[in-house]
Amino acid sequence: MRLSTRNQLKGTVAAIEVGSVMTIVKIDLDGGQQVTASVTRDGVEELGLTVGAPVTALIKATEVMLGVED
C-alpha cells in the first residue's frame with residue numbers, strides 16, 4: 001500500500017489500554033521515543049494489534065504547535 005502521508009514512524013506496540021469506546025495504543029519507535037495513539041476499540045480489533053507487533057504510526061496534521069518555557 002502506498003500512502004501520501006509523509007510522517008510514517010515505524011515501531012512496535014508497547015501497550016494497549018482498552019477503554020469503553022477508545023483504546024490507547026503506545027508505540028515504541030525505532031529511534032527510542034514513544035508515541036501514543038487513541039484508536040477505536042473496533043479499529044484495534046480490525047488491525048489485530050497486539051503488544052510486540054510491528055506497526056507504523058501515520059501522522060497527518062494540518063497544524064503543529066510548539067511551546068517553550070518562559
Side-chain angles (χ1 to χ4, degrees):
M1 172 188 306
R2 294 187 312 165
L3 300 169
S4 63
T5 307
R6 296 293 176 232
N7 299 313
Q8 299 183 19
L9 308 173
K10 294 184 183 294
T12 304
V13 176
I16 299 173
E17 301 169 12
V18 179
S20 59
V21 176
M22 298 300 288
T23 298
I24 303 300
V25 180
K26 295 185 179 185
I27 302 162
D28 287 336
L29 301 178
D30 291 346
Q33 300 87 0
Q34 189 175 76
V35 66
T36 302
S38 296
V39 184
T40 63
R41 287 179 64 181
D42 289 345
V44 170
E45 290 175 11
E46 289 174 16
L47 291 172
L49 294 180
T50 58
V51 173
V55 68
T56 301
L58 305 168
I59 301 171
K60 185 77 172 181
T62 58
E63 182 178 330
V64 175
M65 301 173 81
L66 302 176
V68 297
E69 295 292 328
D70 290 332

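The first residue in the sequence is number 1, and the count goes up from there.
The hydrophobic cluster containing V25 also contains L29, counting ILVMFWY residues as joined when their side-chain heavy atoms lie under 4.5 angstrom apart, directly or transitively. L58 and L9 fall into different hydrophobic clusters, where Ile, Leu, Val, Met, Phe, Trp and Tyr are joined by side-chain heavy atoms under 4.5 Å apart, directly or via other members.
By the 4.5 Å heavy-atom criterion applied to side chains, M22 and V39 are not counted as neighbours.
The minimum heavy-atom distance between D30 and G11, with the atom names listed, is OD1-CA, 3.8 Å. Heavy-atom minimum distance, D28 versus A14: OD2-CB, 3.4 Å. Closest of all the heavy-atom pairs between L49 and V13 is CD2-CG2, 4.4 Å. Nearest heavy atom pair, residue S4 against residue K60, reads OG-NZ, 4.4 Å. For S38 against I24, the heavy-atom pair with the smallest separation is OG-CD1, 3.4 Å. Of all the heavy atoms in T56 and Q8, the pair that sits closest is CG2-CB, 3.9 Å.
From T12, atom OG1 reaches atom CD of Q34 across 11.0 Å, with rounding to the nearest 0.5 Å.
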